[in-house]
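For reference, the structure is listed below as structure tokens.
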Amino acid sequence: MVSSKDVAKHAGVSQTTVSRVLNTPELVKPKTVEKVMKAIEDLNYIPNDIARSLVQKKTGIITLISGPLHNPFFVDTTTAIVNYVNARGYKVNVYFGTEDNLHSIYNAVLETKADAIILSSMLYQDDLFFTLEKLGIPFIMFNRKHQENRHFVEIDNVQAGYLAANHILSLGHQSLCWIGGPHQMSTFFGRYHGFEKALKDHEIEAKSVPAFFTNTNKEDIEKAFEELLKLDRRPTAICAATDAIAIEILNLCLERGFQVPRDFNVIGIDNVELSKHHSIALTTVGITSEENLGFLAIEKLFEVMEKKSTCIQQTESVKLFPRNTTCKNELI
DNA sequence: CCATCTAAATGTGGGTCTGG
DNA sequence: CCAGACCCACATTTAGATGG
């Protein structure tokens, strides 16, 4: 391995001068710069980023703990976050959290010594929250919230669930159902809560409305869908807690020869890019901002790192995006 | 006194040497 | 055999040394 020391020896200068040539060349005599640059070329020297991190006491790494990419929401946010972080001259370490691998990921994340952490995979009650606060590592959650109610950027989940259900009910659907994820995630908890609220406003007993709380992988959603098909009174509309679930439902419907929205209305939440695709055109609920939630969160994280703000608590309002997977119920 | 350069300190984790 | 001292990898930064 060629180090700056070797370059210094080859160029006949001190190691310090090599460093200055690379970092502050305006402070070095042009002739010396030339000498050092030639030595760098001769020896194929490449600065060691790990050594740099050591002395600078920062790694230049932002760790992202994303949800799995089979959920298109995380495709959108990961893209936005990685692009933003790179544009700011930082590097990104990406981990994909699922419902059951979180704690092994946490260990690896802490050992990496990132300058800051942005994550969407944290439970409503999670010790990692306190660990990060104790360590003083800047961090932010997007699309998730911890019970301590700090360091998050989220959408108004209750409003989102409400708008989704309200849209379906306003279209005249009497029989609807809910398919969502586990409630130790704030997102699912909030969205279902909003869903229930809309039912109440339409004078429907929440208990009478079927609700499936499943893991968000393909197999479990399919199981929930099968259960749904066995119901005595088959719903005409399905409210999914996320676009990812909704798109999976669309697929399951098509596989079985059902038509959407003729046989089933389907609505999601998140307004992911994929939902806008004309071959899908999913009716959904999403933030009013042009940027996605990942972008909004990483922007905020940099504010925290630059000490412009200390604590982020941001809830984005949402609106309905009506598309082709919902329509008026013809039975009324 | 300024332009230009350098010695030494710095961080972490792991290896080696020392003395008891 | 073990605790503790000390050294190493490396690039950057600080404070200070040269030369003119």
Task: Reading 5' to 3' through nucleotides 8-17 of chain C, protein heavy-atom contacts under 4.0 Å coded B for base, S for sugar-phosphate only, - for none - done: --BBBBB---
Open item on the list: For a quick check of understanding: with a heavy-atom distance under 4.0 Å over all strands, which category does A:Ser53 fall into, base, sugar-phosphate or nothing?
Closed with: nothing
Return the [atom1] to [atom2] distance between [X] and [Y], rounded to the nearest 0.5 Å.
X: A:Phe212; Y: A:Glu226; atom1: CZ; atom2: CD; answer: 10.5 Å
X: A:Leu132; Y: A:Tyr106; atom1: CG; atom2: OH; answer: 8.5 Å
X: A:Glu291; Y: A:Glu316; atom1: CD; atom2: CD; answer: 11.0 Å

Open item on the list: In this structure, how many angstroms lie between the C1' atom of B:dT12 and the NZ atom of A:Lys58, rounded?
Closed with: 18 Å
TODO: To the nearest Å, give me how far apart NZ (A:Lys31) and P (B:dC5) are.
DONE: 12 Å
- [ ] Specify whether A:Phe302 and A:Tyr84 have parallel, tilted or perpendicular ring planes, treating 30° as the upper limit for parallel and 60° as the lower limit for perpendicular.
- [x] perpendicular
TODO: Give a yes or no on this: more than 12 heavy atoms of other residues, nucleotides or ligands lie within 6.0 Å of atom CZ of A:Phe189.
DONE: no
